[in-house]
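In the text below, chain A, chain B and the rest are named by the order of the sequence lines, each starting its count at 1.
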There are 2 protein chains.
Amino acid sequence: MGESVTDYGWELSTAVVLFHEAIARRLGLNAAEHKALGLIMRAGPLPTGALAPQLGVGVSAVTGIVDRLEQAGYVRREPDPSDRRRVLVVADPSRAPDLTGIFADLSREMNAFMSRYDERQMATVVDYIENTVRVLRSQTARLTGEGSNGPDRPR
Amino acid sequence: MGESVTDYGWELSTAVVLFHEAIARRLGLNAAEHKALGLIMRAGPLPTGALAPQLGVGVSAVTGIVDRLEQAGYVRREPDPSDRRRVLVVADPSRAPDLTGIFADLSREMNAFMSRYDERQMATVVDYIENTVRVLRSQTARLTGEGSNGPDRPR
DNA sequence: CGCTATACTCCAGAGAAATGAACTATCTCT
DNA sequence: AGAGATAGTTCATTTCTCTGGAGTATAGCG
């Protein structure tokens with residue numbers, strides 16, 4: 001049966017989410033810790049305070065999150081030379097093998113089929129991804145902002 | 001600078017995850033509730049017990065999860081006619097507008113650029129998605145199975 | 001050089017959600 | 001029918017993580 005492209009998109013999105021969850025489980029991290037580690041690995045060393053808003057928690061909670069990441073060996077705390085009140089959270093390279101190990105297979109398998117694409121096809125894929133990312137970001141912003149934070153329900 | 005396709009993939013995956021989180025926040029659901037609702041909407045009515053393994057929690061926890069989803073109006077409990085011990089969790093259509101509202105804009109924006117693709121390009125996109133999903137699923141399975149559940153760390 | 005603001009940590013308390021055992025109802029097998 | 005298995009709920013307890021306020025150290029302004 002021909003699935004619509006919308007269905008394909010939904011499947012992809014589900015697969016991505018499950019993959020992320022599997023990584024977190026494998027690393028022994030909860031959602032907040034995993035997210036924090038992702039931010040640090042993508043954006044480089046970050047001061048503790050910068051993590052709080054992105055994780056959606058107060059600064060005092062970040063202390064605990066970084067504590068756990070540090071304990072597990074994924075990050076280190078380093079003093080910021082330019083402001084000694086600040087603590088920079090940096091990825092601990094000693095854990096890098098764990099991470100690259102996880103992504104090595106992924107990259108290999110992705111390359112296995114992507115390498116068959118010619119230039120034109122590659123351009124199409126890139127266009128698809130770029131536009132999808134753009135749309136997802138705008139939709140995320142819409143959902144996040146846009147007045148009422150969903151149905152109010154006592155929690 | 002030209003980003004590699006790997007980088008694009010990473011961006012896409014991040015955008016997807018953030019979008020999912022935004023939906024959950026908007027619906028007022030935590031991760032487990034959101035996941036359960038997703039399963040029910042995709043797979044149709046499910047007995048409570050079938051949710052437990054997929055959510056990675058015990059059956060008794062599912063009771064609470066379904067309670068909260070029901071309270072919020074996203075699902076209903078219905079007796080299974082063929083086995084009266086069983087309770088089927090079905091999506092509540094009265095909430096459908098909320099959900100479709102969220103996805104209407106997304107679909108429209110996705111179509112806005114995808115409609116420009118010709119047949120050949122569309123085939124490329126579908127191929128990319130299908131293969132990516134296949135790879136992600138196999139990698140998820142690898143991470144989930146594969147002996148040791150990550151670094152053991154007292155929790 | 002004070003004074004105020006900022007960055008982070010510590011701690012006690014609160015809240016959310018999962019666990020596991022006990023219990024009820026129902027099904028299935030013989 | 002009776003025994004045992006299965007589905008789901010309830011409840012007490014435990015675990016985990018966040019919050020918010022207090023405390024310490026440093027920065028920057030006048």
Which pairs, protein N/O on one side and nucleotides 8-10 of chain C N/O on the other, fall under 3.5 Å?
from	atom 1	to	atom 2	distance (Å)
C:dC8	OP1	A:Thr48	N	3.1
C:dC8	OP1	A:Val87	N	3.3
C:dC8	OP1	A:Val87	O	3.4
C:dC8	OP2	A:Gly49	N	2.6
C:dT9	OP1	A:Arg77	NH1	2.4
C:dT9	OP2	A:Thr63	OG1	3.0
C:dT9	OP2	A:Arg77	NH1	3.3

[X] has an atom [atom1]; how far is it from atom [atom2] of [N], in whole Å?
X: B:Lys35; N: C:dA17; atom1: NZ; atom2: P; value: 16 Å
X: B:Arg84; N: D:dA5; atom1: CZ; atom2: P; value: 22 Å
X: A:Asn30; N: C:dA17; atom1: CG; atom2: P; value: 14 Å
X: B:Asp80; N: D:dG8; atom1: CG; atom2: P; value: 9 Å
X: A:Glu33; N: D:dC16; atom1: CD; atom2: C1'; value: 10 Å
X: B:Ile65; N: D:dT9; atom1: CD1; atom2: P; value: 12 Å
X: B:Asp83; N: D:dA7; atom1: CG; atom2: C1'; value: 7 Å

Worksheet entry | B:Leu69 and its side-chain contact (heavy atoms from CB on, under 4.5 Å) partner, picked from B:Leu27, B:Val75, B:Asp92, B:Val89 |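 Exactly one pass, corresponding to B:Val75.
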Practice prompt. For A:Ala32 and for A:Ser82, find the nucleotide of DNA chain D with the closest heavy atom, then tell me which residue's nucleotide is more 5'.
Written response: A:Ala32
Worksheet item: More 5' along DNA chain D: A:Gly58 or A:Pro81, using each one's nearest nucleotide?
Response: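 Whichever sits nearer the 5' end wins; that is A:Gly58.
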Worksheet item: Taking the inter-plane angle between the rings of B:Tyr128 and A:Tyr128 on a 0 to 90° scale, is it parallel (under 30°), tilted (30 to 60°) or perpendicular (over 60°)?
Response: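 Correct class here is perpendicular.
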Worksheet item: In terms of ring plane angle, is the pair A:Phe19 and A:Phe103 parallel, tilted or perpendicular, where the classes change at 30° and 60°?
Response: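 Perpendicular, since the angle between the ring planes exceeds 60°.
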Discussion item. Under 4.0 Å, heavy atoms only, any strand: does A:Gly64 hit a base, just the sugar-phosphate, or nothing?
Written reply: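 Counting heavy atoms under 4.0 Å across all strands, no contact is made by A:Gly64.
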Discussion item. Using side-chain heavy atoms (C-beta onward) and a distance below 4.5 Å, is A:Leu55 in contact with A:Leu39?
Written reply: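 Side-chain contact under 4.5 Å: yes.
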Fill in: Separation between CD of B:Glu130 and CZ of A:Phe113, rounded to the nearest 0.5 Å
10.5 Å
Worksheet item: Just by distance, with hydrogens left out, do A:Gln71 and A:Arg68 show a side-chain donor and acceptor under 3.5 Å apart?
Response: no
